[in-house]
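Beneath this line is the structure, given in structure tokens, with notes to follow.
Just so it is clear: chains get the letters A, B, ... in the order the sequence lines come, proteins before strands, and each one is counted from 1. On a predicted model such as this, the values are computed, not experimentally measured, just so you know.
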2 protein chains.
Amino acid sequence: MADQMTVSKASGDFGGLRMTKQRQVVYDVLADLGPKHPTASEVFVTAKERMPSISLATVYNCLETLTGAGAIKQVNIDREASRYCPNLQPHAHFYCTGCDQVFDIGLEKGADASSIWALPSGCLIEEMNVAMKGVCGTCPKCRTANGHS
Amino acid sequence: MADQMTVSKASGDFGGLRMTKQRQVVYDVLADLGPKHPTASEVFVTAKERMPSISLATVYNCLETLTGAGAIKQVNIDREASRYCPNLQPHAHFYCTGCDQVFDIGLEKGADASSIWALPSGCLIEEMNVAMKGVCGTCPKCRTANGHS
DNA sequence: CTAGGTGCAAAAGGTTTGCGGTTAA
DNA sequence: TTAACCGCAAACCTTTTGCACCTAG
């Protein structure tokens, strides 16, 4: 049972990052929207409901800062707008073309995402990004797409 | 020994695709620039040397069409401009921050890129994209970056 | 108090599109 | 012949930036 208390990380605890109200709101929105993997614009919409004065540029700035601080992750799928993800575990992203949603996909027990690749010796991976596309087969739209009438 | 005669794929053989001079030039440029993983702009520069009348929009259109036909692959690393790749084998891309190059990374013998992920049952992968970032450790710049004076 | 963050508006960069003329099949 | 494609320029969308004001520490 993973910790569900991610609604509001203790203020001022992002590795010495100066915690402004805007950054807190942006982080909280992302934690609340959690598995929706919202884009910057989508974060902006919800953030503006909670803090009407916030600007889109600030949302971008906050997302970049939080990403740099390692508090969140940026997710790029194709050329679409970046999405953001509060899940810090190593995982892949699966974009379902049926329901237009993004799912986090964890590693199989004991699996290692880098050992399957024939890396030239000396290569040092600092970051790996795995994005999949397909149909999830469980959502209503996908069942239809899969021919379950 | 893989077939190296990729300089110019027989005209009109991209799965029934209408083969225009522009598409042929774009494909040839990509095949020639091969492992450089050029961006659309870079393809445009070389294509224009061979066919001065070609336009950037056409290069984009051709790259998109060729990608759709499965003749080439589009490679997205972070938010940078898309790169294109004539290598149709399953492989990952490694971007070296030291020498600013992109390398193709093949799978280890017998490895399977999807089986390491704990996919919900019913999930059907149609496409997988693996991008890594780091230092390759072999180019001069990387050796410097790695502290080899 | 002040370094750093914010809001705004404008710019940048990559990519797509609309349209009249052109061309492969 | 003609549906599909090209070249051009303008539009589009996401993201970044410059600058004056504001605020957390």
Query raised in the report: How many Å lie between CG on B:L17 and C1' on D:dC5, as a whole number?
Result: 11 Å

Report task. Using only heavy-atom distances, determine whether the side chains of B:T67 and B:Q74 contain a donor-acceptor pair under 3.5 Å. Result -> no

Query raised in the report: Rounded to the nearest Å, what distance is computed from the CG atom of residue A:N61 to the C1' atom of nucleotide C:dG7?
Result: 10 Å

Report task. Return the residues of residues 72-84 of chain B meeting this criterion: a heavy atom under 4.0 Å from some atom of DNA chain D. Order them by number, or give none. Result -> B:R79

Query raised in the report: Taking OH from B:Y60 and C1' from D:dA9, how many angstroms apart are they, rounded to a whole number?
Result: 15 Å

Query raised in the report: Within this structure, what is the NZ-to-P distance between A:K21 and C:dG7, rounded to whole angstrom?
Result: 11 Å

Query raised in the report: Quick one: is A:T20 getting a side-chain N or O under 4.0 Å of the C:dT6 phosphate, OP1 or OP2?
Result: yes

Query raised in the report: Starting at the 5' end of DNA chain C, which residue's closest nucleotide do you reach first, A:K48 or B:Q22?
Result: A:K48

**Report entry** Between B:D78 and B:Y95, a side-chain donor and acceptor under 3.5 Å
**Finding:** no

**Report entry** Nearest-angstrom distance from the residue atom CE of B:M19 to C1' of D:dC5
**Finding:** 12 Å

Query raised in the report: Looking just at side-chain N and O atoms, do B:Q22 and B:T58 make a donor-acceptor pair shorter than 3.5 Å?
Result: no

**Report entry** Residue pair A:N129 / A:H93, side-chain donor-acceptor N/O under 3.5 Å
**Finding:** no

**Report entry** Separation of atom CG in B:L56 from atom P in D:dC6, rounded to whole Å
**Finding:** 13 Å

Requested in this report: Considering non-hydrogen atoms only, spot the tightest contact between A:V102 and A:H37 and give its length.
Outcome: O-ND1, 3.2 Å

Report task. Would you kindly compare B:I54 and A:A57 by the position of their nearest DNA chain D nucleotide and give the one closer to the 5′ end? Result -> B:I54

**Report entry** Between P of D:dT23 and CZ of A:R23, the distance in whole Å
**Finding:** 15 Å

Query raised in the report: Should the heavy atoms of other residues, nucleotides or ligands under 6.0 Å from NZ of A:K36 be counted, would the total exceed 12?
Result: no

Requested in this report: Could you tell me which non-hydrogen atom of B:D112 sits nearest to which non-hydrogen atom of A:I116, and how far apart they are?
Outcome: O-CD1, 4.2 Å

Report summary line: When rounded to whole Å, the CZ to C1' distance for the pair A:F44 and D:dT15 reads 14 Å

Report task. Have a look at A:S53 and say if it touches a base, only the backbone sugar-phosphate, or nothing, with a 4.0 Å heavy-atom cut-off. Result -> sugar-phosphate

Report task. Indicate whether OP1 or OP2 belonging to C:dG14 is found under 4.0 Å from a side-chain N or O atom of B:S41. Result -> no

Query raised in the report: What nucleotide, of D:dG7, D:dA9, C:dT15, holds the atom closest to the side chain of B:A40?
Result: C:dT15

Query - N/O (side chain, A:R18) to phosphate O (OP1/OP2, D:dT23) under 4.0 Å - result: no

Query - Short side-chain N/O contact to D:dG7 OP1/OP2 from B:S55, under 4.0 Å - result: yes

